[in-house]
Structure formats: structure tokens, C-alpha cells
There are 2 protein chains.
Amino acid sequence: MGKADIYEVARAAGVSISTVSRAFTRPELVSAKTRRKVLDIADKLDFNISRSATTLKSGRTNRVAMLMNEEITSWFNTQTFAGIESVMHPAGYDISLFQHIDTERNRDEFFTDLPIQRNVDAVFVASFAIDPHEVEQLRRIHVPIIGINTPSVDGFDASISIDDEKGMYTATQHLINLGHRHIVYPCSEASLLNSSIDARTRGFIRACEDAQGKHDLNWQVLSVPRGPAFADSALSALLALDEFPDSICCQMDMMAIPLVIKLGRYGHLTPRDYSIVGFDDSPNADTINLTTMRQDPYAMGRTAATKALKLIEGEPLTNAHEVVEAQFVPRGTDMPFGGAQ
Amino acid sequence: MGKADIYEVARAAGVSISTVSRAFTRPELVSAKTRRKVLDIADKLDFNISRSATTLKSGRTNRVAMLMNEEITSWFNTQTFAGIESVMHPAGYDISLFQHIDTERNRDEFFTDLPIQRNVDAVFVASFAIDPHEVEQLRRIHVPIIGINTPSVDGFDASISIDDEKGMYTATQHLINLGHRHIVYPCSEASLLNSSIDARTRGFIRACEDAQGKHDLNWQVLSVPRGPAFADSALSALLALDEFPDSICCQMDMMAIPLVIKLGRYGHLTPRDYSIVGFDDSPNADTINLTTMRQDPYAMGRTAATKALKLIEGEPLTNAHEVVEAQFVPRGTDMPFGGAQ
DNA sequence: TTGAAAGCGTTACCAG
DNA sequence: CTGGTAACGCTTTCAA
């Protein structure tokens, strides 16, 4: 907010407040000379249009909400947020962030209070298992709701999701095709709140079951507690196995990367001793040369935001609900079973 | 925004709009019975107070701006943002993000347009070399300006900075004290826009120069181009050296981590063959057991936000400008020179 | 405890 | 192309 108000500027410029307003927001309606004079004086007086007044008048809030599990600092959330921001900011929108909508208490609080707390033009829901009743609550604020990796698209006006199950199915199948028969899937316990995690686990299991008939597969899901030490827990669990597996299929790169590094300290080297594939292609995956399934949450954020903008404008969406596939990224942590020469 | 307006709610509840307003924002001024009735009806009608109207009336925007170099997705920016958010969001503020204020064009555009583009109650400037003229421009929006790791605090109402130079001085000294005499400092070229980077380099150089008298030191700054491949460039430059150094002092962990991993593939193992220390303690530093200097940008963000809130309230700050020190985190990538037994 | 009315700073319609 | 004026939805005195 500047120092002076629109009346002072109008007076100083010898014009009406209408003209001052137009000089800023509809320059084409004002003569070049008048416009220049107004803008000069406004600049001198440190005046600028009040967004609050504009938004009140227009009925638009120029703000959207983004709901997420956990912290904005996680790789997925940051990338998604950045993608949304890259579209919404240039369009004049701010993003109001709601983190940690993943504990019973926070969820309750959030879904009870959102409508009366903030006003937004759209709501993004990123990667969590929102339930139908909660979607219902959200709908009451009467703005478009856009899902990103939500378990279901019921109640959403638009969505973009990665096919986690299929992606993990592909990764698992890759290991099986390589001849691996003893496959372990280390994963942090399902939170019931991150639909991606669950879907990936399903993909792994389905791939193993499908292959079971053709091969004598020894596979298992190795579930460890959530929390900051999940990778170390998985490491211990892996080392405690009677027999070390010939391959590891990881829920995510953040699991795979520490495992590759730390297993090496125990003499288990990839790809010499075992194959391992990750999921995400998050930072440092390339550094350790990890074979993985790539997803692009930044691009998903952009897509979601583009849909949101259209919905806000009342434009129809040609394909409201999109599903994208994870992309296989072959690198150096996998090798045919017994294939080292 | 809900469906109904305040008049409908007032009518349905048989009260005036004043009472409806108070039921929401000053519940203590309304009888319990009336309040309940109003809130019930409001809920039924999906009504809720318009923030736009409230902010217009109050003169507050309930929004702050955050300026940064590069992307929100960098570790430092994400952490700082999350820290600010953790304080500002509960206080009712949204954060309007301005990324990439680091190219000539973006800077110009930004500093010319900010005042007329958005209205904010405070501005955070994170980690870049804003120049005095630009601070001057910023000041014209007449709100508190809070710096985070800015090169100077002139013109800022408050600031929190890490002592990068001292931190790197300490790290370098540590290597020298360990007996190392051939030290290389790989760093991506100074951007002129990231004051932290410059300060760290100065710290390294000063530590070397200070030790020069006492020891026969062979030190050098190995500058490589900025960009996504900076770590690989540093790797090549290091391998091209006539003699491989006995120690490496890294500008940041994002440089150190790939180096440790990739140098290993060329047979240079730490701490056996060389010592290396990083800076930041960013993700995976612990995974590879990297000795480093820790900084906590999340905490700095919180501190900055706390100061901002006070300034917005017009409260005095007891210590407007704070400097914190990086903390030495000894782990496993350093060892006395020739000390392996 | 409640109601009436002024006013926050714009925008947009309608005149001129 | 420009000016006057109502209206956006709320908060806040002031009265009752």
C-alpha cells in the first residue's frame, strides 16, 4: 500500500478517481497523455492500487488453497507447489498453503474451519486420501477442487494423477524379467493418508502374483515404521534376512538411495550383488546411478493449475481427469541375474 | 466465498448484519444464544466472512512477499519458505512468492512493478545481493523489509543472517589443523547474486592466507561454471589436477555429496585418501556420513517471520539484526593427514 | 446486547 | 476520453 490514496492522486493530476483507476487497470481507455501524467504523479506519491479493494469489487479473491500431507519441504510437495506457483503467480494468484492435513486432529480442524477461515478461488488437494465426506465439506465453499494424485476423483472438478500402481508394476516386472527371483519390497508403513504409497505397494504385489505362476518367486513386502529413520530400519531388516535378496524394489528413491549407499558398507554392492530400482527420480538418484521410475510432480502441478485457471474462468475442460504414466529410467543399478561377467 | 451473503444470513436469523459480523469476529460481544443461531444458519447457508472485505476495511492485506534467487525448489529456499510459512500462516498471512529475482531482466521488472502489482504487509528478501537502489525502491511500499542472508543490512528493518564467512573459515581451519596441506575449494562461479556463496569463498581464502605463514600450504579455488552440471565439472577439474589434493573444502553439500560418491568410482576414497567437508548439512549429508557445517534455514525463516509480525504490529524489536553461526558437524569424511592406520 | 449507518478503495455503468 | 456515482461485503462507532 502506498502512502497516498486515489483521491489525492486524482486531485494532484486534475482528474477524477475513475481516470486514475483506469490509468492503472484499463490503460487503453485513457489518453496517453493523461495516463502518463497520472502514473507519474502516482509514482511520486507512492500510490498504488489496493488489491483488497479490487478483489472485493471483483468478487475474486486471487488466492487459491493447496492442501498437502506432511511438509512442503518434501520433494514431491515442493515440486508440485512450484509447478502450481509457476502458473498461478503470473496469473495473479497467491497460494495459501495448508500443510500436515494428515493427522486426525489437523484434518478435523481443517475441514471444519476452512470455509470460514479463508476465501479462495480454487482448492488443490495433493496426494492424500481425502475421504468422500471431506470432499463434500470442501465442495461447500463452491469453488473448483483439483486433485493431484488423489485416490479417487469423485467430487473433484479436475485432477491429474500418476499411475503409481502401473509404474510399480512395471518396475517389478523389469526385475523379474531380468531373472531375479528373490525380490524384497522395503516400504514405510502405509499412512492411510498417502494414496501413492498404497498404490505402489499394490503394483508390486500384483506384479509378483502375476508372475508367480510362471516362476518360482520368493517375494516379500518388508514394512518398516514411518519416521525419519525409515531407511535405516529397512537397512536393518534387510540385513537381518536369512538370505540376502537378489533384488530390491523400492517404494521411492528416498528409500533406495540410502540403501544403495549403506548396503555398500556391508559389502552388498549393486549391481554386482543385487539389482535395485527406485521410484520418483528424485535428487541424487542420478548421482548414485539409480535405475528408477520417473515422475514429474512439477509438470503435474502445472497441469493442475492450468485446469484450475480454466475452471475459475468458467471455461469447459476437454479432459478434466488425466492420468500420466511413470517413465522407466534405466541406469546402472540393475543387471540380469547372475549376469556379471 | 459461500453462496449466501451477510444479508441473507441476517434475515434468516432475524438479526442485523452487524450481529452476524460480530458472531464471527467478535463472538464475545454477542449473546451465546444469538451467536449459535447465527452460526448455525450461516453454516446451513454456506456463508462465511469475506476476507477481501475484511482486509479492505482493516487496511491490512494479510499477505507478505518473499523474494528469492532461483527456484523455491532449492534446499535453502524451501527450508526458509517453510520456516516463514510456519509462523505466518497461523497468524493469518499468505505468502506471495517472487522467484528468480536474479536475472537482470527479472530484477528490473520486479523492482519496477512490485509496488503497483501486489500489496503486502511485509517483504522478505532471501539470500541475494540486492543493491542499495533496489532497497530504496522496496522501501517505497512503506512496509517492513526483512532480510535473510543479505550482504548488507542497510535499509532493512530487520534481518537474520548466517555468518557464512566465519563458518567456512572454521571448516577450512579444521582441515588445516588435521594436517592437510593441499586443499582445493571447488565452487561454482559466483553469481554476484548469492551473497552466501561469495562470503564462503572469502572465508576459505582468509583461512588459507592466515595459515600460510605457519605452514607451507598449497591451496586453490577451483571455479567451475554454474548450472546443473556444476558437480560433474568440479569432478573433472579435480581429476585433471597434476596431484590429487589431500583435502577438499566444499562450498556446499550439494557439491560435496556427488563428489564423495563419484570420486569413489575413480578410486579416491574418503577418509582413506582425502578429507572432505561440506557446508549446509542438507539432505543425504548424513547418509554419506559427510562432515559438514550445519545451518538451519528453517529456523532462520521462523526468526525472520517472528520479527516481521512484530514490525507489522508496530512493536519495537530488541535486536533487529541477528547473526547466527554455522555449527560444525563432525562425521566420517575427515581424518588427520596420513592418519589412517 | 443489538441495530443503523458511515466508510474502507476500488470498479463499472451511465452520461456527457 | 472523462467524470459522477452506486455498489462490492464487511467492521465499527454511536445510539438505543
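Atom set for the values below is all heavy atoms of this structure, side chains included, hydrogens, waters and symmetry mates excluded. Throughout, a chain's letter reflects where its sequence line sits, starting with A, and its residues are numbered from 1.
- Per the geometry, CZ belonging to B:R36 stands 17 Å off C1' belonging to C:dT1, to the nearest Å.
- The side chain of B:T19 contributes an N or O atom lying less than 4.0 Å from OP1 or OP2 of C:dG3.
- Counting to the nearest Å, the P atom of C:dG9 and the CZ atom of A:F47 are 10 Å from each other.
- In this structure, CZ of A:R51 is placed 17 Å from C1' of D:dC8, rounded to the nearest angstrom.
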How would you summarise protein contacts on nucleotides 11-16 of chain D per nucleotide, using B for base, S for sugar-phosphate only and - for none, with heavy-atom distances below 4.0 Å? BBB---
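- A:S31 and A:T34 form a side-chain donor-acceptor contact under 3.5 Å, judged by distance and modelled atom types alone.
- End-to-end axis angle of the helix from C:dT1-D:dA16 to C:dG16-D:dC1, from C1' rotation axes over five pairs per end: 30° (rounded to 10 degrees).
- Side-chain contact check for B:E70 versus B:F76: every heavy-atom pair is 4.5 Å or farther apart.
- Between the OH atom of B:Y7 and the P atom of C:dA5 there is a distance of 11 Å, given to the nearest Å.
- Remark: the backbone N or O of B:V153 is not paired with any side-chain donor or acceptor of B:T150 at under 3.5 angstrom.
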Go through B:E8 and B:D5 one step at a time and tell me if the side chain to side chain contact (heavy atoms under 4.5 Å, CB included) criterion holds. CA-CA 6 Å; B:E8 288 186 54; B:D5 66 14; 3.5 Å; yes
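- Rounding to the nearest 0.5 Å gives a distance of 12.0 Å between CD1 of A:I160 and CZ of A:F124.
- Using bins of under 30°, 30° to 60° and over 60° for the plane-to-plane angle, the ring pair A:F81/B:F81 lands in the tilted bin.
- As a whole-Å value, the separation of B:D5 CG from D:dG9 P is 6 Å.
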Determine, step by step, whether A:E322 and A:K307 satisfy the salt bridge (charged side-chain N to carboxylate O under 4.0 Å, His left out) criterion, reporting the C-alpha distance in whole Å, the side-chain angles of both residues, the deciding distance to 0.1 Å, and the verdict. CA-CA 10 Å; A:E322 284 181 51; A:K307 290 179 193 291; 2.7 Å; yes
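- Atom CG in A:L29 sits about 11 Å away from atom C1' in C:dA12, given to the nearest Å.
- Aromatic pair B:H89/A:F98: ring centres closer than 6.0 Å.
- Atom C1' of nucleotide C:dG9 and atom CG of A:L45 are separated by 16 Å, given to the nearest angstrom.
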Given the rule in the side-chain hydrogen bond (donor to acceptor under 3.5 Å, both in side chains) test, do B:N48 and A:N119 qualify, once you have shown the distances and angles that lead to the verdict? CA-CA 8 Å; B:N48 52 82; A:N119 312 66; 3.1 Å; yes
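- When rounded to the nearest whole Å, the span between CZ of A:R11 and P of D:dT2 equals 20 Å.
- Heavy atoms of B:T34 sit under 4.0 angstrom from primed sugar atoms or phosphate atoms, though from no base atom.
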